[in-house]
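The next block holds one structure in the form of structure tokens; read it before the comments.
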Protein chains: 2
Amino acid sequence: MLAKKCLNLYFNMMEDLSPFLENIKRKISLSPDNTELLTSAFRVVKVKRKQMIIQPGFVAKYRIYVLKGAFHSYVIDDKGNQHTIQFAIDDWWLSDYNSYVHQTPATQFVEALENSTVLQIDYQTEQQLKDANWELATLFRLMAEHSAAYLARRIVSNLTQSAEERYNDFVGRYPKVVQRLPQYALASYLNMTREFLSKIRNDKVRKK
Amino acid sequence: MLAKKCLNLYFNMMEDLSPFLENIKRKISLSPDNTELLTSAFRVVKVKRKQMIIQPGFVAKYRIYVLKGAFHSYVIDDKGNQHTIQFAIDDWWLSDYNSYVHQTPATQFVEALENSTVLQIDYQTEQQLKDANWELATLFRLMAEHSAAYLARRIVSNLTQSAEERYNDFVGRYPKVVQRLPQYALASYLNMTREFLSKIRNDKVRKK
DNA sequence: CGTTTTTCTTAAGATAGTTCATCGTTCTGC
DNA sequence: GCAGAACGATGAACTATCTTAAGAAAAACG
């Protein structure tokens, strides 16, 4: 266990973890010891473009933080259509939450859209941290609460906005993300076809 | 503080809390002391049909557990259309999560569909419990994780299923809920008009 | 109860969004 | 730097779902 911890530290030293630490600090202020404990529970992993890190049928073993890169998670429906469920670029968290939280087989693919570097923590390690340490348990609780609030906002947006409004909203909110995503992934995230998204974008240009 | 606690106990004794305790037990096994601590943090409240317990513009002060009754939460969009975001009948939890978690003004109405009895805990009391008590903090973390997983499943369903599939799915999953809801609320929850839901139901009958 | 209000059904016309098929463009891996 | 694959744009035909409107049924409430 100590050996593993040291090994992780060694690997983690190769990467700049400051964005990760900043991200955590925005949620909770950890003691130096706990920061250290948390950091050494994660492993740096390099992922090649198009590589899957979660696949349907397998239990999602990791919670993932993207240090650098881009991912999307998607499902394939009965008719073979791909539907993007989540994105994540630098500084975002990602998993198949339903699978990870309940440790049941995943229904989503999680695929790298670029060559990426991530931090991952496995389920059991996370449980141990939460069982052993108050501050870290609080951190993970805050993350879950924020996720739930975020997902609730997304449901509202899906229920109340038209395709064009959803697109404008997304562009306004995450302009940097839009530029790094393939349009087909964004279209399906926004619950429309790629063709229709293309039309929306084009109508906008013409209006100007 | 002690007085308030005794008062709550007194009120709570008037109601059968066993479904609530069962609901908690399914998530985590609490010590008798903590069960007692948790229970006395909630207040029993009676709510009349059509009464609002959360309204846009006001911060959602309470997390709510429905002992008996039915609620829906909804937003009103720019065109004046009502969109149901959540339901809750006996034994379900409910709030405007985004407002409650971040303590920002709500965007949702939460309205009783029947005369109901609920348990409510206010934000500050919940924070105190979580700060003071490991087991209770864990309980609230599990609740948040389960909410997030549930919301994620709902997003997937909205992205991948047709109106008719969403309806069939819901009926299969929550047959008891369907019977207690007005159709207009269910329709907007499933992201369709009441007229279209009516058509779907009717087409089904004819096919038989 | 009977009346008033709310909810549900039906149907025709309208539209947002899809499907399909094609073509030009841009990546990507070697 | 090239060949092949992946991606994006476009237009025409199509369809799932919405809108509007009006009557029927059901529920609420004095």
Side-chain angles (χ1 to χ4, degrees), chain A residues 47-51 69-70 72 74 77-84 87 109 111-116 157-171 178-208, chain B residues 47-51 69-70 72 74 77-84 87 111-116 157-171 178-207:
Chain A
V47 184
K48 283 244 169 85
R49 189 182 130 87
K50 303 241 162 170
Q51 192 182 322
H72 72 324
Y74 61 90
D77 69 18
D78 309 334
K79 289 166 213 136
N81 296 317
Q82 182 176 316
H83 301 270
T84 294
F87 292 123
F109 296 86
E111 180 190 29
L113 292 166
E114 309 173 355
N115 294 333
S116 306
S157 146
N158 268 303
L159 287 177
T160 56
Q161 296 183 300
S162 70
E164 187 166 359
E165 285 166 340
R166 293 196 299 278
Y167 172 71
N168 291 334
D169 210 66
F170 190 91
V171 172
V178 175
Q179 303 185 344
R180 282 170 68 180
L181 295 178
Q183 256 179 61
Y184 71 88
L186 178 55
S188 76
Y189 178 90
L190 295 173
N191 207 5
M192 65 186 88
T193 56
R194 53 194 96 184
E195 292 91 340
F196 197 64
L197 176 56
S198 183
K199 183 179 185 312
I200 287 173
R201 289 165 57 103
N202 219 277
D203 288 355
K204 274 189 90 157
V205 173
R206 276 189 205 153
K207 274 182 197 161
K208 280 181 186 168
Chain B
V47 184
K48 284 245 169 83
R49 190 182 130 84
K50 303 239 164 174
Q51 193 182 321
H72 73 324
Y74 61 90
D77 70 19
D78 309 334
K79 288 165 214 138
N81 297 318
Q82 181 177 316
H83 301 269
T84 294
F87 292 123
E111 180 191 30
L113 293 165
E114 308 172 356
N115 294 334
S116 306
S157 146
N158 269 308
L159 287 177
T160 57
Q161 295 183 300
S162 70
E164 187 168 358
E165 286 166 341
R166 292 195 300 277
Y167 171 71
N168 290 334
D169 210 67
F170 191 90
V171 172
V178 175
Q179 303 185 345
R180 283 169 69 180
L181 295 176
Q183 257 180 59
Y184 72 87
L186 178 55
S188 75
Y189 178 89
L190 296 173
N191 206 5
M192 65 186 87
T193 58
R194 55 194 93 185
E195 293 89 345
F196 196 64
L197 176 57
S198 185
K199 182 180 187 309
I200 287 173
R201 287 165 58 102
N202 220 277
D203 288 354
K204 271 188 93 157
V205 174
R206 276 190 205 152
K207 273 181 198 163

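Per chain, numbering begins at 1; letters A, B, ... match sequence-line order. Computed from a predicted structure; not experimentally measured.
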Within this structure, what is the NZ-to-P distance between A/K199 and D/dG11, rounded to whole angstrom?
10 Å
Picking from C/dT9, D/dT10, C/dT10, the nucleotide nearest the side-chain atoms of A/N202 would be D/dT10
Interatomic distance, B/L181 CG vs C/dT7 C1' [rounded to whole Å]:
13 Å
For B/R49 and C/dT7, what is the distance between atoms CZ and P respectively, to the nearest whole Å?
7 Å
Going from CD on B/Q82 to OG1 on A/T160, what distance comes out if it is rounded to the nearest 0.5 angstrom?
13.0 Å
Nearest-nucleotide wise, let me know which of A/P182 and B/A163 is further upstream toward the 5' end of DNA chain D.
A/P182
Quick check for you: among C/dC8, C/dT28, D/dA16, whose closest atom lies nearest to any side-chain atom of B/Y184?
C/dC8
With a 4.0 Å limit, can you tell me whether B/R201 has a side-chain N or O closer than that to the phosphate oxygens OP1/OP2 of C/dC8?
no
Just compare C/dT19, D/dT17, C/dC8 and give me whichever is closest to any side-chain atom of B/Q183.
C/dC8
A/Y189 pairs by ring-ring contact (aromatic ring centres under 6.0 Å, His included) with which of A/Y74, A/F170, A/Y167?
A/F170
Quickly work out the B/L197 CG to D/dT19 P distance and round it to whole Å.
15 Å
Between atom CD1 in A/I200 and atom P in D/dA9, what is the gap in whole Å?
12 Å
Quick one: which of D/dA6, C/dC20, C/dC8 gets closest to the side chain of A/E195?
C/dC20
Check B/R49, B/R180, B/K50 against B/E114 for a salt bridge (Lys or Arg N to Asp or Glu O under 4.0 Å) and give me the one that passes.
B/R180
I'd like to know whether A/Q183 forms a side chain to side chain contact (heavy atoms under 4.5 Å, CB included) with A/R194, so could you lay out the CA-CA distance, the side-chain angles of the two residues, the decisive distance to 0.1 Å, and finally the verdict.
CA-CA 7 Å; A/Q183 256 179 61; A/R194 53 194 96 184; 5.8 Å; no
Quick one: on DNA chain C, does B/F196 or B/K50 contact a more 5' nucleotide (nearest heavy atom)?
B/K50
Please report, rounded to the nearest Å, how far the C1' atom of C/dA16 is from the CZ atom of A/R166.
11 Å
Could you tell me the separation between the NZ atom of A/K79 and the C1' atom of C/dT19, rounded to a whole number of Å?
12 Å
Indicate the ring-plane relationship of A/H72 and A/Y184, choosing parallel, tilted or perpendicular according to the 30° and 60° boundaries.
perpendicular
How many Å lie between CG on A/L190 and P on C/dG17, as a whole number?
12 Å
Report which part of the nucleic acid B/R194 touches: base, sugar-phosphate, or nothing (heavy-atom distance under 4.0 Å, all strands).
nothing
